[in-house]
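The basis for the numbers below is simple: all heavy atoms, side chains too, and nothing from hydrogens, waters or symmetry mates. Chain letters run A, B, ... following the sequence lines, proteins first, then strands; residues in each count from 1. All values reported here derive from a predicted model rather than from experimental measurement.
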There are 2 protein chains.
Amino acid sequence: MARMADAHEPLDPDGLQAYFALMDVAGLLKHGVEEQLREAGDLSYVQFQLLARLALGSPTGSERMTDLADGVVYSRSGLTYQAGLLEKAGLVVRAPSPDDERSVTVSITDEGRERIARVMPGHAEVIRRLFLHPMADGDVRRLAELLVPVRDHMRAAPPRSAAPRRKR
Amino acid sequence: MARMADAHEPLDPDGLQAYFALMDVAGLLKHGVEEQLREAGDLSYVQFQLLARLALGSPTGSERMTDLADGVVYSRSGLTYQAGLLEKAGLVVRAPSPDDERSVTVSITDEGRERIARVMPGHAEVIRRLFLHPMADGDVRRLAELLVPVRDHMRAAPPRSAAPRRKR
DNA sequence: AACTGTTGCTTCGAATCCGAAGCACCTGAC
DNA sequence: GTCAGGTGCTTCGGATTCGAAGCAACAGTT
């Protein structure tokens with residue numbers, strides 16, 4: 001754990017550099033990936049994320065809207081919009097949950113799985129070329145080991161869906 | 001360097017995990033930061049990036065539009081829009097460059113520097129709480145050491161401003 | 001100088017995004 | 001039960017975003 005009592009001090013150089021480097025890398029990578037996704041499968045980055053999460057992350061291929069939104073770091077309203085697009089494209093189906101009448105379950109279709117499969121090889125290639133390639137052999141694993149706990153820590157904090165409602 | 005001949009193979013688990021973790025962390029971090037910036041100084045994340053780059057990264061406090069856009073990973077048209085907002089808010093000034101009549105030099109104003117200074121302490125705090133805190137002492141530095149070369153590698157590739165123009 | 005291609009920025013139109021507000025359902029206290 | 005508050009999603013309005021096209025200035029060639 002980092003030292004505790006640095007409340008309002010400016011960031012140390014390492015922290016600053018890590019922060020800016022992280023954001024830059026993510027931004028550049030997102031861009032490269034977005035381009036490839038659009039060309040290869042007419043998908044936006046969010047759409048890819050959503051499909052990938054359903055196809056790879058969920059055993060059943062379905063998930064609640066809220067969980068999807070939180071999992072993908074996205075606003076609820078934005079998700080409604082994207083889910084609508086994906087459904088119109090036939091890559092996904094929405095249905096009310098059996099147990100809770102409010103919630104909507106999103107399920108990937110076979111067509112959705114095909115789309116992901118179609119896009120994946122080129123996707124992997126971009127990731128490798130832009131992101132993985134310049135790292136030495138063990139570095140990728142080390143990076144993952146560094147970042148995964150950070151992600152877990154961030155996810156543990158009240159997620160966007162838990163944002164307190166405004167008083168009326 | 002990673003092995004060369006893995007052209008269309010799927011990504012190995014480490015690569016996948018590093019990729020997703022990176023994007024998630026960046027997304028979550030951006031969100032937290034955006035919230036703080038809006039409340040503390042009425043700035044969007046891009047606006048903060050722009051001001052920070054001018055205030056901290058440039059000795060003169062000025063930079064060309066294109067260099068700003070590339071530095072901040074942003075579309076040129078988006079930059080035009082944001083530069084307009086920042087100028088209207090008095091945080092920045094635009095002026096044609098003396099040597100090249102086409103290019104526009106953006107300079108941060110004193111008011112802009114004040115704004116950055118005002119926002120920075122809370123900003124640092126969010127970064128620490130969300131991002132730096134869960135890492136052990138040397139980890140931050142290690143992370144920076146891992147990511148900086150990747151950023152440089154990505155920047156070396158033809159940046160967005162060099163995207164080939166469409167034939168007419 | 002005239003021509004051609006390039007580069008820097010802005011404008012344009014359409015797509016996407018977000019937060020706030022709204023609606024419906026669910027849950028617990030009474 | 002019923003009432004109050006919480007939760008899940010969508011709708012709404014407005015802001016932001018991007019790529020393509022447009023415009024002006026530059027640079028090199030002839």
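You'll find that the side chain of A:S75 is closest to C:dC18, out of D:dT17, C:dC9, C:dC18. Distance from the side chain of A:Y74 is smallest to C:dC18 among C:dT11, C:dC18, C:dG8. Looking at the side chain of B:R76, the nearest of the listed nucleotides C:dG8, D:dA20, D:dT10 is C:dG8. Considering only the side chain of A:T80, D:dT11 comes nearest among D:dG8, C:dT10, D:dT11. The side chain of A:Q82 lies closest to C:dC17, out of C:dC17, C:dA20, C:dT16. With D:dT17, D:dC9, C:dT16 as the candidates, the nucleotide lying closest to the side chain of A:Y81 is C:dT16. With distances taken from any side-chain atom of B:L85 to the nucleotides D:dT16, C:dC18, C:dC9, the minimum falls on D:dT16.
In terms of heavy-atom proximity, A:R94 sits nearest to A:G84 at NH2-CA, 3.4 Å.
In terms of position along DNA chain D, the nucleotide closest to A:S77 lies nearer the 5' end than the nucleotide closest to the other residue of the pair A:S77 and B:S77.
Not a single salt bridge (charged side-chain N to carboxylate O under 4.0 Å, His left out) links A:R113 to another residue, sequence neighbours left out.
Note: CG (A:L79) to P (C:dT16) measures 14 Å, nearest angstrom. Protein atom CD of B:E63 is 16 Å distant from nucleotide atom C1' of C:dC9, rounded to whole Å. Look at NZ on B:K30: it is 10 Å from C1' on D:dT16, rounded to the nearest Å. Separating the CZ atom of B:R64 from the P atom of C:dT7 is a distance of 11 Å, rounded to the nearest angstrom. The CG atom of B:D67 sits 14 Å away from the P atom of C:dT7 (whole-angstrom rounding). Rounded to an integer number of Å, the gap from NZ of A:K88 to P of C:dT16 is 10 Å. Here D:dC18 presents its C1' atom at 16 Å from CG of A:L37, a figure rounded to the nearest Å. When the P atom of C:dC17 is taken as reference, atom CD of B:E34 falls 13 Å away, rounded to whole Å.
You'll find the side chain of A:R53 stays beyond 4.5 Å of the side chain of A:L50, heavy atoms only. Taking the side chain as every heavy atom from C-beta outward, B:Q36 and B:V119 approach each other to under 4.5 Å. A:R151 has its side chain within reach of A:R155: a pair of non-hydrogen atoms, C-beta onward, lies under 4.5 Å apart.
Between the side chain of A:S97 and the main chain of A:D99, no donor-acceptor pair closer than 3.5 Å is present.
Taking the six-membered ring wherever Trp is involved, the centroid distance between the rings of B:F48 and B:H123 falls below 6.0 Å.
OP1 or OP2 of C:dT7 has not a single side-chain nitrogen or oxygen of B:T66 nearer than 4.0 Å.
Sorted by residue number, the members of residues 92-108 of chain A with any non-hydrogen atom under 4.0 Å from DNA chain D read A:R94, A:R102, A:S103, A:V104.
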